[in-house]
Amino acid sequence: MSEGINFSDDLGRCVVMVGMPFPNARSPELQEKITYLSRHVRSEGGRDAGSSLCENLCMKAVNQSIGRAVRHRGDYAAVLLLDHRYRSHRSQL
């Protein structure tokens with residue numbers, strides 16, 4: 001919902017993330033990237049490179065959403081991550 005909107009200073013003091021914004025797994029472009037990575041890139045720590053891509057895209061969207069409210073060094077905002085999956089080790093890396 002915040003895409004393209006600038007919540008500068010007092011306009012955005014709280015970001016609430018309900019769930020995790022994973023990319024559309026049925027996207028043909030994403031499926032091709034996952035297939036390519038799974039075939040050509042060695043897995044790291046037992047994780048498939050294709051699934052790592054999806055997790056990275058998800059966390060990138062989370063960071064972008066948080067960045068909508070925190071725009072500069074003197075800015076501040078409360079960030080609420082409302083999903084138990086944010087407690088997992090992979091989400092905290």
Side-chain angles (χ1 to χ4, degrees):
M1 181 169 160
S2 66
E3 190 66 33
I5 300 172
N6 184 13
F7 294 112
S8 61
D9 297 330
D10 289 334
L11 295 177
R13 291 292 182 217
C14 184
V15 175
V16 180
M17 294 292 298
V18 180
M20 296 184 86
F22 281 100
N24 180 6
R26 294 185 180 146
S27 164
E29 181 181 344
L30 182 59
Q31 287 179 351
E32 287 298 319
K33 287 180 182 180
I34 291 170
T35 301
Y36 178 83
L37 289 172
S38 296
R39 288 182 186 163
H40 296 92
V41 177
R42 282 190 296 160
S43 61
E44 182 178 310
R47 290 181 17 199
D48 182 33
S51 62
S52 293
L53 171 68
C54 290
E55 292 172 6
N56 289 338
L57 290 172
C58 173
M59 296 314 292
K60 178 181 175 184
V62 170
N63 288 331
Q64 286 177 333
S65 296
I66 292 169
R68 296 283 176 198
V70 180
R71 305 296 277 176
H72 53 81
R73 185 173 58 136
D75 208 355
Y76 62 92
V79 178
L80 303 174
L81 303 174
L82 302 179
D83 194 302
H84 71 279
R85 294 173 287 182
Y86 286 113
R87 291 189 298 173
S88 74
H89 177 68
R90 291 187 307 215
S91 296
Q92 295 177 10
L93 294 177

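Scope of the values below: all heavy atoms of this structure, side chains included, with no hydrogens, waters or symmetry mates.
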Undergrad: Taking side chain to side chain donor-acceptor pair (under 3.5 Å) as the definition, give me every residue that meets it alongside R85, ordered by chain and number, with sequence neighbours left out.
TA: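 Residues passing side chain to side chain donor-acceptor pair (under 3.5 Å) with R85: D83.
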Undergrad: Give me the atom names and distance for the closest heavy-atom approach of C14 to A77.
TA: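 Smallest heavy-atom distance, with atoms named: N-CB, 4.2 Å.
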Undergrad: Distance-only criterion, 3.5 Å: show the donor-acceptor pairs between side-chain atoms of residues 54-61 and protein atoms not counting sequence neighbours.
TA:
unit_1	atom_1	unit_2	atom_2	d
E55	OE1	R47	NH2	3.3
E55	OE2	R90	NE	3.4
N56	ND2	S52	O	3.2

Undergrad: With rounding to the nearest 0.5 Å, note down the distance linking CE in M17 to CD1 in I66.
TA: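 With rounding to 0.5 Å, CE (M17) is 7.0 Å from CD1 (I66).
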Undergrad: Are there over 12 heavy-atom neighbours, none belonging to Y36, within less than 6.0 Å of that residue's OH?
TA: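 Incorrect, the count does not exceed 12.
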Undergrad: Please examine the side chains of L53 and L30, heavy atoms only from C-beta on, and report whether any two atoms are closer than 4.5 Å.
TA: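 The answer is yes, as the side chains (C-beta and beyond) meet within the 4.5 Å cut-off.
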Undergrad: Check side chain to side chain donor-acceptor pair (under 3.5 Å) between H72 and all other residues, then give those that pass, not counting sequence neighbours.
TA: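 Applying side chain to side chain donor-acceptor pair (under 3.5 Å) to H72 gives D9.
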Undergrad: Are V15 and M20 linked, directly or through intermediate hydrophobic residues, by side-chain heavy-atom contacts shorter than 4.5 Å (ILVMFWY only)?
TA: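 Result: yes, single cluster for both.
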Undergrad: Test side-chain contact (heavy atoms from CB on, under 4.5 Å) on R13 and D75; report intermediate values, then the result.
TA: CA-CA 9 Å; R13 291 292 182 217; D75 208 355; 2.4 Å; yes
Undergrad: Donor-acceptor pair, S27 side chain versus N24 backbone, under 3.5 Å?
TA: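 Side chain of S27 to backbone of N24: no pair is present.
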Undergrad: Mind checking whether L80 and V18 sit in one hydrophobic cluster, side chains of I, L, V, M, F, W, Y counted as touching below 4.5 Å?
TA: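 Linked within one cluster.
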Undergrad: Over all heavy atoms of both residues, which pair between L37 and A49 is shortest? Give the atoms and the distance, please.
TA: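 Distance-wise, the nearest heavy atoms are O-CB, 3.8 Å.
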